[in-house]
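Sequential numbering from 1 along the given sequence is applied to the chain's residues.
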Amino acid sequence: MKHPLLRSLSAVGVAAALALLTSCSEEEPGMSRELSDAVEKECAGRVAPQSLDLNLPEGIKSKASGNWYSNGNGSCWVSATEHGDTWWPFYLTVRTDRTHAAVAAVRDEHCAEMRAEPERALAYTEGEGYCSAFRILPDSRDYRAYGAVGRSYVEMTVDGDRPLGDEMPPRVRERFARVMDDLREHYDG
């Protein structure tokens, strides 16, 4: 028979080990359930909320909004507010055209403009059906992507830290790639 003190220590040890394991397995704070549901609704199923990878700090008020038309054109975005300042950590615009060639031409034109201005478009990169860069504009500093999915032209912005050097951070590249995959699934799937 064990001494009562040893039984208590064993129970405490097991509880401590479980607490440690639980805290190690917790994921980074992500999008709230309310914001996730709102993104699903406002982007009309075009974008999976987890693809955005929005990890807004505690205390930031956020809201998803969207406006879609029966012809497929529209936008959805997430706005965030802290201490009276508002920014848009995600913004998506989709416009349709009659042909894939017309949409690809618009995308290619915007991509050529970004490539031609390396001082205003840092860390230029290309992915499957899109190009992206960190844009330094008078009214904003964010990552912007231009893409084509079938007959749909896509413009997208996501927030992120300014790149160090000439390489886009992998996390931003992955966010663009996931959203483009979601759009391909929605429009081509």
Would you call [X] and [Y] a side-chain contact if the rule is heavy atoms closer than 4.5 Å?
X: C111; Y: Y124; result: yes
X: R171; Y: N55; result: yes
X: E174; Y: D53; result: no
X: M180; Y: L183; result: yes
X: F90; Y: L92; result: yes
X: Y143; Y: S132; result: no
X: M156; Y: F176; result: yes
X: V94; Y: N73; result: no

Specify the closest pair of heavy atoms between [X] and [Y], including all atoms of both residues, with the distance to one decimal.
X: P163; Y: L122; value: CG-CB, 4.0 Å
X: V103; Y: S152; value: CG1-O, 3.2 Å
X: P89; Y: L54; value: CB-CD2, 3.8 Å
X: A133; Y: M114; value: CB-SD, 3.7 Å
X: A44; Y: H186; value: O-CE1, 3.9 Å

Any side-chain to backbone donor/acceptor pair from [X] onto [Y]? Under 3.5 Å, distance only.
X: R175; Y: L52; value: yes
X: R151; Y: D97; value: yes
X: R107; Y: G147; value: no
X: H110; Y: Y146; value: no
X: D142; Y: T157; value: no
X: W68; Y: E42; value: yes
X: D182; Y: A48; value: yes

Query raised in the report: Would one find more than 12 heavy atoms of other residues, nucleotides or ligands at under 6.0 Å from atom CG of D161?
Result: no
Query - E113 atom CD, over 12 foreign heavy atoms within 6.0 Å - result: yes
Query raised in the report: Under the salt bridge (Lys or Arg N to Asp or Glu O under 4.0 Å) criterion, do E185 and R46 qualify, and how do the steps go?
Result: CA-CA 8 Å; E185 185 177 319; R46 289 165 173 81; over 6 Å; no
Query raised in the report: Is a salt bridge present between D37 and R33, judged by a nitrogen-to-oxygen distance below 4.0 Å?
Result: yes
Query raised in the report: Could R184 and D181 be called an ion pair, given the rule that one side-chain N must be under 4.0 Å from one carboxylate O?
Result: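 So R184 pairs with D181 through a salt bridge.
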When rounded to the nearest 0.5 angstrom, what is the spacing between [atom1] in [X] and [atom2] in [Y]?
X: M168; Y: T125; atom1: CE; atom2: OG1; value: 6.0 Å
X: D159; Y: L56; atom1: CG; atom2: CG; value: 7.0 Å
X: E58; Y: S32; atom1: CD; atom2: OG; value: 10.0 Å
X: R115; Y: C131; atom1: CZ; atom2: SG; value: 7.0 Å
X: Y130; Y: R173; atom1: OH; atom2: CZ; value: 8.0 Å
X: H83; Y: K61; atom1: NE2; atom2: NZ; value: 11.0 Å

Do [X] and [Y] have side-chain atoms, one donor and one acceptor, less than 3.5 Å apart?
X: T86; Y: T81; value: yes
X: S75; Y: T93; value: yes
X: R95; Y: Y153; value: no

Query raised in the report: Are Y187 and V179 connected in a single hydrophobic cluster, I mean Ile/Leu/Val/Met/Phe/Trp/Tyr linked by side-chain heavy atoms less than 4.5 Å apart?
Result: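 Result: yes, single cluster for both.
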Query raised in the report: Would a hydrophobic clustering, with Ile, Leu, Val, Met, Phe, Trp and Tyr connected at side-chain separations under 4.5 Å, put V172 with V47?
Result: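 Same hydrophobic cluster.
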